[in-house]
Number of protein chains: 2
Amino acid sequence: MVLTEKHKELIERIGVFHEHKGMQPLVGRIIGLLLIHEEGEVSFDEIVEQLGVSKSAVSNALTFLQAKGRCIYSTRPGDRKRYFALKVSDWREDFAKELENIAEIQKFIDEVLEVRTEKNPEFNCKMKDFSDFLGFFKKEIPVLFERFKRQQT
Amino acid sequence: MVLTEKHKELIERIGVFHEHKGMQPLVGRIIGLLLIHEEGEVSFDEIVEQLGVSKSAVSNALTFLQAKGRCIYSTRPGDRKRYFALKVSDWREDFAKELENIAEIQKFIDEVLEVRTEKNPEFNCKMKDFSDFLGFFKKEIPVLFERFKRQQT
DNA sequence: CAGTTAGTTCTGCAAATACAGAACAAAATA
DNA sequence: TATTTTGTTCTGTATTTGCAGAACTAACTG
């Protein structure tokens, strides 16, 4: 597949977006390439060529993506190459996990509330309120997913 | 305020949690300290002493936190010191912003869908589904907040 | 078995990060 | 006016990051 300038520019922006999420640059660009590539599956070689980076960098990035469960590869009979693809199947699950991860701050808030004195009740109260909201939010996530499934049909 | 070992350990864990979110180490620790400190307000000096870091590092970290709107300082008559505190007031708003930020990936998904060929309709379809879900999710966030407010009273 | 293919692991380095320490600024105080 | 207080900005540096390139491995091929 030949990438146009527009493709390349979009890959870069998707890369930067993922960098902001704490991933290393190349990982984000590979996600971009796998998203944009018309086949959905891209060989190791093609990643190296399309992104113009070294084999070692690609190898490490793909190992990372597979460890995170965001990427898998398949093989073809009579072809030793690995064809890498994003695990699009469980995007919604990934999204749910990310949401729960955000709400993980609730644990810290609760721990903080345990060690705090009563010296500043207003502050404590606001923290309690936030913790309550996070609890509410976590409970509502699955409900939200359910409603989406139903309204979708 | 004297910090116990438990306090210090909790500050470190809150620091690491924020590091994983892309913040620099000291910024996360300052958030931890401001959360745990019984007054809620902590002077520049005390931050330097409690965390055992340089003034320059604290200055930069506080500038960053203020720029991000996560921190403010107040002053007291006859006292030149600045007392820094977290902006707990709008935690829920911050949380909502973070959620919308996550859902920002929808923009990229839609852009990708525009440049993709019809060569892999299954892949395209899954992406479309994910985009639809993100759209649904964004719409539902304010509803969720509303429901929390009501059930809270 | 020698050579090729496909990818991994090791080594080194350039650039970025995160901070310390010193110099500095501005205001209050003596 | 000299000194202290409260922080900021500048300069240098140890550490970490992110990758390149080379060496390596394993499997296939001629």
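Below, all heavy atoms of this structure are taken into account, side chains as well, without hydrogens, waters or symmetry copies. Owing to the predicted nature of the structure, the values given are computational and were not obtained by experimental measurement. Each chain gets a letter, A, B and so on, in the order its sequence line appears, and its residues count up from 1.
Within the structure, a side-chain polar atom (N or O) of B/Gln24 is placed less than 4.0 Å from OP1 or OP2 of C/dA18. Between A/Arg82 and the phosphate of C/dT5, there is no side-chain N or O to OP1/OP2 separation shorter than 4.0 Å.
Taking atom NZ of B/Lys81 as the reference point, atom P of C/dA28 lies 16 Å away to the nearest angstrom. Taking atom CZ on A/Arg76 and atom P on C/dA6, their separation rounds to 13 Å, with Å as the unit. If you measure from atom CD of A/Glu49 to atom P of C/dG7, you get 12 Å, rounded to the nearest angstrom. Note: OH (B/Tyr73) to C1' (D/dT6) measures 11 Å, nearest angstrom. When the P atom of D/dT5 is taken as reference, atom CG of B/Asp45 falls 10 Å away, rounded to whole Å. A straight line from CG of A/Leu62 to P of C/dA6 spans 15 Å, rounded to a whole angstrom. When the P atom of C/dA18 is taken as reference, atom CG of B/Leu51 falls 16 Å away, rounded to whole Å. Distance, A/Phe44 CZ to D/dT25 P: 18 Å, rounded to whole Å.
Within 6.0 Å of the CD atom in B/Glu122, the count of heavy atoms belonging to other residues, nucleotides or ligands does not exceed 12. The 12-atom threshold is exceeded at CD of B/Gln151, counting heavy atoms of other residues, nucleotides or ligands nearer than 6.0 Å.
A donor-acceptor contact under 3.5 Å links the side chain of A/Ser56 to the base of D/dG21. In this model, a side-chain donor or acceptor of B/Arg80 finds a partner on the base of D/dT5 within 3.5 Å.
Nearest-nucleotide mapping onto DNA chain C: of A/Asp79 and B/Lys55, the residue sitting toward the 5' end is A/Asp79. Of the residues near DNA chain D, B/Thr63 and A/Met23, the one whose nearest nucleotide (by heavy atom distance) lies more toward the 5' end is B/Thr63.
In this structure, CZ on A/Arg29 lies 11.0 Å from NE2 on A/His18, to the nearest 0.5 angstrom.
Relative to the ring axis of A/Phe44, A/Arg82 does not place its NZ or CZ within 45° and under 6.0 Å from the centre.
Of the candidates C/dA18, D/dC19, D/dT9, the closest approach to any side-chain atom of B/Pro25 belongs to C/dA18. The side chain of A/Ser59 lies closest to C/dT9 when the candidates are C/dT9, D/dA20, C/dG21.
Results of the ring pair (Phe, Tyr, Trp, His ring centres under 6.0 Å) test with B/Phe137 over A/Trp91, A/Phe148, A/Phe95, A/Phe145 single out A/Phe95 as the only residue that passes.
Looking at heavy-atom distances under 4.0 Å, B/Val53 makes contact with sugar-phosphate atoms alone, never a base.
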